[in-house]
Amino acid sequence: MNQAGVNEKYKVSPFYVFFLVHSMQTGIGVLSFQRVLAKTSGTDGWISILLAGLIVHIMIWVIYKIFSIVPGDIISANNHAFGKWIGNFFNLLFILYFLILGMTIMISYINVIHVWMFEEVGSWAFTLVFLILIYYINTGGFRTITGIAFLGSILTYWLLFVLFYAMKYSEFTNLLPVFHHTLLDILKGTRSTSLTMLGFELILMFYPFIKDAKTSQKYAHGGALTTTLITIFVYLVSLVFYSQKQLEMTVWPTLTITSIVELPFIQRFEYIDVSWWTIVIIPNMTIALWAASRCFKRLFNVQQKYPLWGMSIIILLINIFVFDVDTLYILYKIVNPYGVLFLVLYLPLLLVVIYIKKLRKRL
């Protein structure tokens, strides 16, 4: 058994990979990706989303190909390909990436809460509540985390039907013209949707926790495909609801659409939307910080709770002392484009190195 070997009782069925990938991808990015995408790709933004989805499917194929040669997780793969010292350098980069990803999701959502609901409440208070909840979920093990991801996906699909409310105020000619932008504009749009599509890379850490993991690849692709289709649907609804200029100037187009919903017993429906979105965000934060602490545990052979404590303290201190829009902007820049570029370039390189070493052993 490799070092990443996991007891069978802690593993989950391959079917749940669909929800682990899909719930991790569906997060804070869905609320705001339309604005930047409209600026770069306009009415052809759906092509950018399709291209981003295709890249995700290729990366998922690469990940499963890596683990078909080197069973385990990214720690095992890095050490196998580059040796202990260089491999551990890349392992540290992955710890940092998972930590920053979780921190970005948390701070982004707290910013939404501040703007839409509780402007006067300090960010540290929300951070503390989230960190306590994340730690509690993590103490239940990966099966509990999977259950939260499953519920987070199932319980929030009804929010998609809220978008249909906007149809009676829509102008479908806003979808035209089609194929009006250059390839460079489409590629820029693909980059702008990266934060929405990220999350599939967590397979690199939870792969050993899947029963008969090789059979789970179709579910990983299914989860990524579902995210891509939902993202396209949200973008098309935004295009027909807003004018081009309005969409470019609206910070959170998805939330603004839900604010038009009128019910006899609810005056501000967007409050429900923002609150319910917590169910979507919690699995995002939990899985990202679980992956960072798990990676630390594997690298330094310590109990997972200790790095989780340390990372939680770091996130809390950042929210207390340096929380502002500029901090959020810096985190976005680290994740996208640098984090995305790192994944897209590094994973194929890792596969090539592992495959070359495999061929050498045969000779």
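In this chain, residues are counted from 1 in sequence order.
- Sorted by first and then second residue, the pairs that involve residues 188-210 and meet side chain to side chain donor-acceptor pair (under 3.5 Å), not counting sequence neighbours, are Tyr97-Glu201.
- Remark: Glu120 pairs with no residue by the salt bridge (Lys or Arg N to Asp or Glu O under 4.0 Å) rule, at least two apart or across chains.
- Shortest non-hydrogen contact noted between Phe18 and Gly223 is CD1-N, 3.3 Å.
- Partners of Arg268 by salt bridge (Lys or Arg N to Asp or Glu O under 4.0 Å), not counting sequence neighbours, listed by chain and number: Glu270.
- In this structure, Asp185 contributes its side chain and Ser41 its backbone to no donor-acceptor pair below 3.5 Å.
- Note on ring orientation: taking the six-membered ring where Trp is involved, the planes of Phe19 and Phe150 are perpendicular (angle over 60°, cut-offs 30° and 60°).
- Surrounding NZ of Lys214 are at most 12 heavy atoms belonging to other residues, nucleotides or ligands under 6.0 Å away.
- Aromatic ring orientation, Trp158 versus Trp276: perpendicular (interplanar angle above 60°, classes split at 30° and 60°).
- Taking a 6.0 Å sphere around CH2 of Trp116, one finds it holds more than 12 heavy atoms contributed by other residues, nucleotides or ligands.
- Aromatic rings from Phe300 and Phe296 are positioned such that their centres are separated by under 6.0 Å.
- Under the ring-ring contact (aromatic ring centres under 6.0 Å, His included) criterion, Phe342 pairs with Phe94, Tyr346, sequence neighbours left out.
- More than 12 heavy atoms of other residues, nucleotides or ligands shown are found within 6.0 angstrom of NZ on Lys211.
- Applying the salt bridge (Lys or Arg N to Asp or Glu O under 4.0 Å) test to Lys39 and every residue at least two apart in sequence or in another chain returns nothing.
- The aromatic rings of Trp290 and Phe142 sit tilted relative to each other, their planes meeting at an angle between 30° and 60°.
- Using a 30° and 60° split on the angle between ring planes, His221 and His57 fall in the parallel class, below 30°.
- Listed by chain and number, the residues in a ring-ring contact (aromatic ring centres under 6.0 Å, His included) with Tyr157 are His22 (sequence neighbours excluded).
- Summarising the local packing, CG of Asp212 is surrounded by more than 12 heavy atoms from other residues, nucleotides or ligands at distances under 6.0 Å.
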